[in-house]
Amino acid sequence: MARSNIRSRLGLRPIINVSGTMTALGASIVVPEAVRAVSETLPEWVEINDLHRKASKAIAKATGAEAGFVTASASAGITLALAGCMTGPDLAKIEQLPDTTGMKNEVVIQMGHMTGYGAPIEQAVRLAGGVCVPVGNVTDARSYQLAHKITEKTAAALYVVSHHTVQYGQIPLEEFARVAHDKGVPVVADLASEYDLKGFHAAGADIVIYSGHKFLGGPTAGIVAGRKPLVRATFLQNSGIGRGMKVGKESIAGTIAALEAWEKRDHAGVRKLETSYLDLWVKRLSGLPGVTATIIPDPTNNPLDRLMLQVNAEEARITAWELADQLAAGEPPVIVRDHEAEQGFFQMDPCNLHPGEAETVADRVVHELSEARKRNRPQQYSYTERKARRFERLLRWPD
Ligand SMILES: *Cc1c(COP(=O)(O)O)cnc(C)c1O
């Protein structure tokens, strides 16, 4: 699809995203099939619950689940699925939320899964009136601890699969589900950026949640899939707290199209293209003074590799976070995956690049590294200062 000049018309910077599918960067490059479905749906009336019925079928087909529901976001999906576990299909209870008087409202979750994705997951639980009951400690959770925390007040057991969580010492999903099911508690799994749409039901999740706008390349939406009674109870929250998180017809239609496109996508071809970008970056960047370029696998085993660029500040004469900032400040701005930059590296994600952008990214990194060596000042500001500056800027919005 031909690209427009919409960003310059709006006065926005023409960023190149090698960070990943981030909400802060526009979530995704929406696939042409979904763009078409969105624009064809917008000017038409539809009976929205019939469109939801069609989406349920499309989600069931793509995930192997009994039913599915499109929400405003994965975060909304977590809140609404948990609400469904508390209320069931009882409309009076649905209208009563987030007051959970007379309902089970505790949600057990491993401490190492109590993460954030721009907002704390714990707040997504509280929005439904739920209360997180942490299991274990950050780096060690055990089945008997989980069993001990499940009581007659437990509404659900929440499991998170993500690079955001602690990556070791956690209870595997199969074992987590076995313990929860022994106590009659449903398992809700947040899989927002996991490519595997089918395996998690087999592993024991009763209801799973994906983002529509990450790897799927759909419009902003969340996808809930699972056992029919639970998905129905989630859908019925549209008459309660879900109203404030409603999804429009265009996102429902766009999500159906994105799921269909995902099934037909040439995944091997996409992988090959991404690998060619990574190879190009390794070729251009390794051997430059003070940096080491390594291809690393995705931490949760998605079929995706990234480039890790380690920066030796003394030798490169710039820190990893300052290099990331220079790349973001330059022309064109390149946004790297820098959430671990305090450890002296950042990553570059090869997904969703437009033709020619991989070369531009390599040129920009080479340029900034050569500028840094001319300046010869290994560090100008600390990671802590950088972090503080970012919050200051956020708090000044809209200025
Ligand atoms: C991105 C993400 C979310 C939030 O997804 P949205 O669809 O943007 O609300 C939730 N959980 C995890 C693990 C994520 O990666």
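What's counted below: heavy atoms across the whole structure, side chains too, no hydrogens, waters or symmetry copies. Just follow the structure's listing: the first ligand is 1, and inside any ligand the first atom is 1.
Classification of Glu385 and Arg389 as a salt-bridged pair fails, no side-chain N sitting under 4.0 Å from a carboxylate O.
To the nearest 0.5 Å, the span separating CD on Glu95 from CD on Gln237 amounts to 11.0 Å.
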side-chain contact (heavy atoms from CB on, under 4.5 Å) between Thr154 and Thr151, worked out: CA-CA 5 Å; Thr154 308; Thr151 68; 3.7 Å; yes

Name each donor-acceptor pair under 3.5 Å that joins a side chain in residues 54-62 to protein atoms two or more places apart or in another chain, with its distance.
{"residue": "Ser56", "atom": "OG", "partner": "Gly68", "partner atom": "N", "Å": "3.1"}
{"residue": "Ser56", "atom": "OG", "partner": "Gly68", "partner atom": "O", "Å": "3.4"}
{"residue": "Lys61", "atom": "NZ", "partner": "Glu263", "partner atom": "OE1", "Å": "3.2"}

Side-chain donor-acceptor distances from residues 298-311 under 3.5 Å, at least two apart:
{"residue": "Asp298", "atom": "OD1", "partner": "Arg306", "partner atom": "NH1", "Å": "3.0"}
{"residue": "Asp298", "atom": "OD1", "partner": "Arg306", "partner atom": "NH2", "Å": "3.4"}
{"residue": "Asp298", "atom": "OD2", "partner": "Thr300", "partner atom": "N", "Å": "3.0"}
{"residue": "Asp298", "atom": "OD2", "partner": "Thr300", "partner atom": "OG1", "Å": "3.0"}
{"residue": "Asp298", "atom": "OD2", "partner": "Asn301", "partner atom": "N", "Å": "3.4"}
{"residue": "Asp298", "atom": "OD2", "partner": "Asn302", "partner atom": "N", "Å": "3.1"}
{"residue": "Asp298", "atom": "OD2", "partner": "Asn302", "partner atom": "ND2", "Å": "3.2"}
{"residue": "Thr300", "atom": "OG1", "partner": "Glu194", "partner atom": "OE1", "Å": "3.0"}
{"residue": "Thr300", "atom": "OG1", "partner": "Glu194", "partner atom": "OE2", "Å": "3.1"}
{"residue": "Thr300", "atom": "OG1", "partner": "Asn302", "partner atom": "ND2", "Å": "3.4"}
{"residue": "Asn302", "atom": "OD1", "partner": "Tyr195", "partner atom": "N", "Å": "2.8"}
{"residue": "Asn302", "atom": "ND2", "partner": "Ser193", "partner atom": "O", "Å": "3.2"}
{"residue": "Asp305", "atom": "OD2", "partner": "Arg271", "partner atom": "NH2", "Å": "3.3"}
{"residue": "Arg306", "atom": "NE", "partner": "Asp349", "partner atom": "OD2", "Å": "2.9"}

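Pairs engaging residues 18-67 under the ring-ring contact (aromatic ring centres under 6.0 Å, His included) rule: His52-Phe69, His52-Phe235 [sequence neighbours left out].
The 4.0 Å heavy-atom shell around ligand 1 contains residues Thr23, Ser73, Ala74, Ser75, Tyr117, Ser162, His164, Asp190, Ala192, Ser193, Ser211, His213, Lys214, ordered by chain and number.
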